[in-house]
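Each remark here refers to the structure printed beneath this line.
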There are 2 protein chains.
Amino acid sequence: MVKKSLKKSHATRRREEALSRDRIIEAAIAILDSSGEDGLTFRTLSERLATGPGAIYWHIANKSELLTAACDAIVARTMNAPLVGATPEATIRALALGMFDAIDAHPWVGSALTRAPGQLPMVRILEAIAQQVRALGVPDQEQWATVGALLNYILGVGGQNAANGQLARTRGVDRSDFLEAVSTAWSQLDPDQYPFTRSVAGQLRAHDDRMDFLAGIDLILRGIRGLRTDRIDLV
Amino acid sequence: MVKKSLKKSHATRRREEALSRDRIIEAAIAILDSSGEDGLTFRTLSERLATGPGAIYWHIANKSELLTAACDAIVARTMNAPLVGATPEATIRALALGMFDAIDAHPWVGSALTRAPGQLPMVRILEAIAQQVRALGVPDQEQWATVGALLNYILGVGGQNAANGQLARTRGVDRSDFLEAVSTAWSQLDPDQYPFTRSVAGQLRAHDDRMDFLAGIDLILRGIRGLRTDRIDLV
DNA sequence: ACCTGAACACCGTTCAAGT
DNA sequence: ACCTGAACACCGTTCAAGT
């Protein structure tokens, strides 16, 4: 792997505050935001905190826990953003969009979320959605599948966004350059084998990720509405 | 990171077939299946192929390309499995279940898929789903969002499955031990803050992942059916 | 053209030693 | 109790040298 080794700019000035779990997580978030997942290292982190790599282990068990904690800080902020008295459907859309925007602003959150199944960050999302699903009147036995559908869709889009951001960063191109490249590659696919992919290659550059994301949420919400009124009548 | 260094059992016997991209990918899949993502190294791989780490770089650009190629081999098999003349909805369910089972059997496929957005493995799934969505009669302007919803849901579940498998492997416990641990953790959450999560903690151990997955697909399919008949009438 | 394997520039993590 | 930083056991990748 090729890494550019950015020299430390301000020598090793002494730290003026004591180390703490919170300060470490805050520093980790700053590095993740500016340098991506590959940029976060116990060495870069300890340098920013003006300490040694070993010191961090006094406060945090390992890198996985660090990533999950950083992710949870972002998710907690997002899910606790207070919502005015809206309908359950509107609230679900707002929660989902909130996560979309959070992952857009911090792409590493998408993959951290996936790498910590069943952990607190995911539970926060699960719970917030579930409360709205209940308010929607979805029968008890269907709630788990319903919440799961919404959650997994959000995770899927999030992971995708994280990967886009990651790729764009490592190649030193921005997001639109990346989409441009994918669009070009898709337009060169065999028209017999990949008719649909080819036909949407052009739209790819122009399309609005956020609107597409919401369209997916609405599709699932429409399916949920069907759940409430009809019985299940699948082929 | 703690790694157990399993000694090579059969010394360095000479390779009897020439190296090739296909042989490398095949060996990579075998290692990924048996030792997970962390187990795949240019050193373990070259050892299994009875060569040096550098030799692999003659056939494959880097580890990312290797992972994507291994993923694509699995996805291609899965998407090319011929289906008897079924309805578009039944075909979508079969395709989705096919991917679920493939990721269940090869958990690393889930994360490889997410790490290679817009690449061939994903395009194969996209295209196969899109053709059924078209056959379903979804209007042109809605197709992209519809395909996206299905694809992202599958990716979300897949990523989750991959993470479960990965966690279970690194901790040396099996899947049910892992679910047991999550279930216990969830049942100890604050009932005021996490009522839903607590209430489903018990179900977690007993539930059937595959059925839940399918229920999510059905929810989206129901939403798609609404798309065809009604106009969009969201709040 | 294809392969070898030592070497480079990194990692996460540990731990004896300090304060 | 908390921190230091060298050391350990790895990585992915490169490349001069071989066939």
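Letters A, B, ... mirror the listed sequences (proteins, then strands); counts begin at 1.
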> When you measure from the side chain of A/Leu19, which nucleotide among D/dC3, D/dT13, C/dT14 comes out closest?
Replying inline: D/dC3
>> By nearest atom, which of the nucleotides D/dC3, C/dT13, D/dG12 is closest to the A/Ala55 side chain?
In response: D/dC3
> Where each pair must be Watson-Crick or G-U wobble with both distances under 3.5 Å, what dot-bracket representation of DNA chain D is obtained, with crossing pairs in [ ] and other-strand partners as |?
Replying inline: ||.|||||...|||||.||
> For B/His59, which residues count as a ring-ring contact (aromatic ring centres under 6.0 Å, His included) partner, sequence neighbours excluded?
Replying inline: none
> Is it true that a side-chain atom of B/Ser20 and a backbone atom of B/Arg23 form a donor plus acceptor pair closer than 3.5 Å?
Replying inline: yes
> A/Tyr57 OH to C/dA17 P: how many Å, rounded?
Replying inline: 21 Å
>> Taking only side-chain N and O atoms of B/Trp58, does any of them lie within less than 4.0 angstrom of OP1 or OP2 on C/dC2?
In response: yes
Less than 3.5 Å apart, which donor and acceptor atoms pair up between the side chains of residues 192-202 of chain B and the rest of the protein, not counting sequence neighbours?
residue	atom	partner	partner atom	Å
B/Thr197	OG1	A/Glu127	OE1	2.6
B/Arg198	NH1	B/Ser187	O	3.4
B/Arg198	NH1	B/Leu189	O	3.1
B/Ser199	OG	A/Arg134	NH2	3.4
B/Ser199	OG	B/Phe196	O	2.8

> Of A/Gly54 and B/His59, whose nearest nucleotide on DNA chain C comes first from the 5' end?
Replying inline: B/His59
> Can you tell me how far P of D/dG12 sits from CD of B/Glu47, to the nearest Å?
Replying inline: 13 Å
> Please give, in whole Å, the distance from D/dC11 C1' to B/Asp38 CG?
Replying inline: 11 Å
> When the distance from CD1 of A/Ile60 to C1' of C/dG12 is rounded to whole Å, what number comes out?
Replying inline: 14 Å
>> Just to verify, what does A/Phe42 make a ring-ring contact (aromatic ring centres under 6.0 Å, His included) with, not counting sequence neighbours?
In response: A/Tyr57
> Could you give the CZ-to-P distance, from B/Phe42 to C/dA9, as a whole number of Å?
Replying inline: 20 Å
>> Under the rule for salt bridge (charged side-chain N to carboxylate O under 4.0 Å, His left out), what residues qualify as partners of A/Asp174, not counting sequence neighbours?
In response: none
> Quick one: A/Ile56 CD1 to D/dG5 C1', roughly how many Å, whole number?
Replying inline: 12 Å
> Can you tell me how far C1' of C/dT13 sits from CG of A/Leu66, to the nearest Å?
Replying inline: 14 Å
> Is there a side-chain contact between B/Asp33 and B/Trp108 (heavy atoms, below 4.5 Å)?
Replying inline: yes
> Could you give the CZ-to-C1' distance, from B/Arg43 to D/dT13, as a whole number of Å?
Replying inline: 9 Å
> Can you list the residues that meet the salt bridge (charged side-chain N to carboxylate O under 4.0 Å, His left out) rule with B/Asp177, with sequence neighbours excluded?
Replying inline: none
> B/Leu40 near the nucleic acid: base, sugar-phosphate alone, or nothing, with a heavy-atom cut-off under 4.0 Å?
Replying inline: sugar-phosphate
